[in-house]
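Just below is one structure, and these are the notes that go with it.
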Amino acid sequence: MEEECRVLSIQSHVIRGYVGNRAATFPLQVLGFEIDAVNSVQFSNHTGYAHWKGQVLNSDELQELYEGLRLNNMNKYDYMLTVCDPVLGDKWDGEGSMYVPEDLLPVYREKVVPLADIITPNQFEAELLSGRKIHSQEEALQVMDLLHSMGPDTVVITSSDLPSPRGSDYLIVLGSQRRRNPAGSVVMERIRMDIRKVDAVFVGTGDLFAAMLLAWTHKHPNNLKVACEKTVSTLHHVLQRTIQCAKAQAGEGVRPSPMQLELRMVQSKRDIEDPEIVVQATVL
């Protein structure tokens, strides 16, 4: 019998759709993890819609919930999954913009990232955290080394605007893992993946990516290549099923709405459990 692995997931929550805890809980449970979810935000739906309503948990309320777990000796976890993956910002039409106030950047650099084992920044976030721009794969690897020096053993740049040899229809994912072999020396594994772009705007893909990377690095702790292939292939299957269903609902020639583009998570249960590897990683 497989040993229980318990995750505390502190993320946003929506009643309708799949972002934050809604995007992470089901797939992790499918893969055998026990999930305790704390909803840092509870909204009716994600903010890609015209309207949303809900509440935000403040720090005192979060502390109160944790105190209840602690008093009952239920605060023992194998992993903690949070939106500090980190969610700082992204690039739109080539220009970067931050989601959070700029004065929080030092908090991420000095307090949050050093505590993390795994981080999954996009290129813009990796540049913010490292203080260095990325113009080439070599510079990206140097930035990941800087991020390793801050604490995390696994760094995956989930998307970049670096040119892919496969053409403009592809984006690049880069990963780096630092681990010690039985002899005590440090081993570095670097991987690169070229992923075909999808002509649609999805919400919750980053949350699903972080959850799947946690799951597959747990199951393959010494093989970043396999962990990333299973993570990205899962995303591929979920997104392909989502876009196919959304286009069918919208009708020919009509761009799908945010509601139609909600991730088809339950319908993808088998792909989450055992993803067919359709995106290969190259070891650098």
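Basis for what follows: all heavy atoms, side chains included, without hydrogens, waters or symmetry-related copies. Not measured: the values here are computed from a predicted model.
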Test item: [X] and [Y] side chains (from C-beta on) under 4.5 Å apart, heavy atoms:
{"X": "Arg109", "Y": "Met150", "value": "yes"}
{"X": "Phe209", "Y": "Val232", "value": "yes"}
{"X": "Ser176", "Y": "His148", "value": "yes"}
{"X": "Ile10", "Y": "Val83", "value": "no"}
{"X": "Trp216", "Y": "Leu31", "value": "yes"}
{"X": "Phe202", "Y": "Leu263", "value": "yes"}
{"X": "Asp271", "Y": "Arg241", "value": "yes"}
{"X": "Phe26", "Y": "Lys269", "value": "yes"}

Between [atom1] on residue [X] and [atom2] on residue [Y], distance to nearest 0.5 Å:
{"X": "Ile195", "Y": "Ser160", "atom1": "CD1", "atom2": "OG", "answer": "9.5 Å"}
{"X": "Leu224", "Y": "Arg179", "atom1": "CG", "atom2": "CZ", "answer": "7.5 Å"}
{"X": "Glu125", "Y": "Thr158", "atom1": "CD", "atom2": "OG1", "answer": "7.0 Å"}
{"X": "Asp36", "Y": "Leu69", "atom1": "CG", "atom2": "CG", "answer": "7.0 Å"}
{"X": "Thr234", "Y": "Leu208", "atom1": "OG1", "atom2": "CG", "answer": "7.5 Å"}
{"X": "Met144", "Y": "Leu147", "atom1": "CE", "atom2": "CG", "answer": "8.5 Å"}

Verdict with supporting geometry, Leu146 and Leu129, side chain to side chain contact (heavy atoms under 4.5 Å, CB included): CA-CA 9 Å; Leu146 283 173; Leu129 290 170; over 6 Å; no
Mind listing the closest non-hydrogen atom pair of [X] and [Y] along with its distance?
{"X": "Pro256", "Y": "Ala250", "result": "CA-CB, 3.9 Å"}
{"X": "Val143", "Y": "Ala126", "result": "CG1-O, 3.8 Å"}
{"X": "Ala211", "Y": "Leu28", "result": "O-CD2, 3.4 Å"}

Does [X], at its [atom1] atom, have more than 12 non-hydrogen atoms belonging to other residues, nucleotides or ligands within less than 6.0 Å?
{"X": "Asn181", "atom1": "CG", "answer": "yes"}
{"X": "Lys76", "atom1": "NZ", "answer": "yes"}
{"X": "Glu64", "atom1": "CD", "answer": "no"}
{"X": "Lys247", "atom1": "NZ", "answer": "no"}

Looking at [X] and [Y], would you say the former's side chain and the latter's main chain have a donor-acceptor pair under 3.5 Å?
{"X": "Gln42", "Y": "Gln55", "result": "no"}
{"X": "Ser40", "Y": "Gln11", "result": "yes"}
{"X": "Asn75", "Y": "Arg70", "result": "no"}
{"X": "Arg264", "Y": "Glu262", "result": "yes"}
{"X": "Glu139", "Y": "His135", "result": "yes"}
{"X": "Asn39", "Y": "Val41", "result": "no"}
{"X": "Arg6", "Y": "Glu34", "result": "no"}
{"X": "Ser9", "Y": "Asn21", "result": "no"}
{"X": "Gln123", "Y": "Ile134", "result": "yes"}
{"X": "Asn72", "Y": "Met74", "result": "no"}

Counterpart residues, salt bridge (Lys or Arg N to Asp or Glu O under 4.0 Å), relative to [X] (two or more places apart):
{"X": "Glu61", "result": "none"}
{"X": "Arg16", "result": "none"}
{"X": "Arg166", "result": "none"}

Arg190 with Asp145: basic N within carboxylate O range, under 4.0 Å: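 Yes, charged N to carboxylate O under 4.0 Å.
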NZ/NE/NH1/NH2 to OD/OE distance under 4.0 Å, Asp199 and Arg255: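 Salt bridge present between Asp199 and Arg255.
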Evaluation steps, side chain to side chain contact (heavy atoms under 4.5 Å, CB included), between Ile118 and Val156: CA-CA 8 Å; Ile118 302 171; Val156 178; 5.8 Å; no
Verdict with reasoning, His220 to Lys230, per side chain to side chain donor-acceptor pair (under 3.5 Å): CA-CA 10 Å; His220 303 281; Lys230 289 190 175 184; 3.1 Å; yes
From CA spacing to verdict: side chain to side chain contact (heavy atoms under 4.5 Å, CB included), Met193, Gln280: CA-CA 7 Å; Met193 307 182 80; Gln280 301 283 341; over 6 Å; no
Derivation of the side chain to side chain contact (heavy atoms under 4.5 Å, CB included) call for Phe33 and Leu214: CA-CA 10 Å; Phe33 292 79; Leu214 185 157; 4.2 Å; yes
His46 ring center within less than 6.0 Å of Tyr18 ring center: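 That pair fails the under 6.0 Å test.
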Test log, rule ring-ring contact (aromatic ring centres under 6.0 Å, His included), inputs His218 and Tyr79: CA-CA 10 Å; His218 172 79; Tyr79 299 101; 5.5 Å; yes
Side-chain donor-acceptor pair present, Ser164, Asp194, cut-off under 3.5 Å: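 Looking only at side-chain atoms, Asp194 and Ser164 do form a donor-acceptor pair, the distance falling under 3.5 Å.
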Test item: side-chain donor near acceptor, Arg192 and Thr282, under 3.5 Å: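 No, no side-chain donor-acceptor contact under 3.5 Å.
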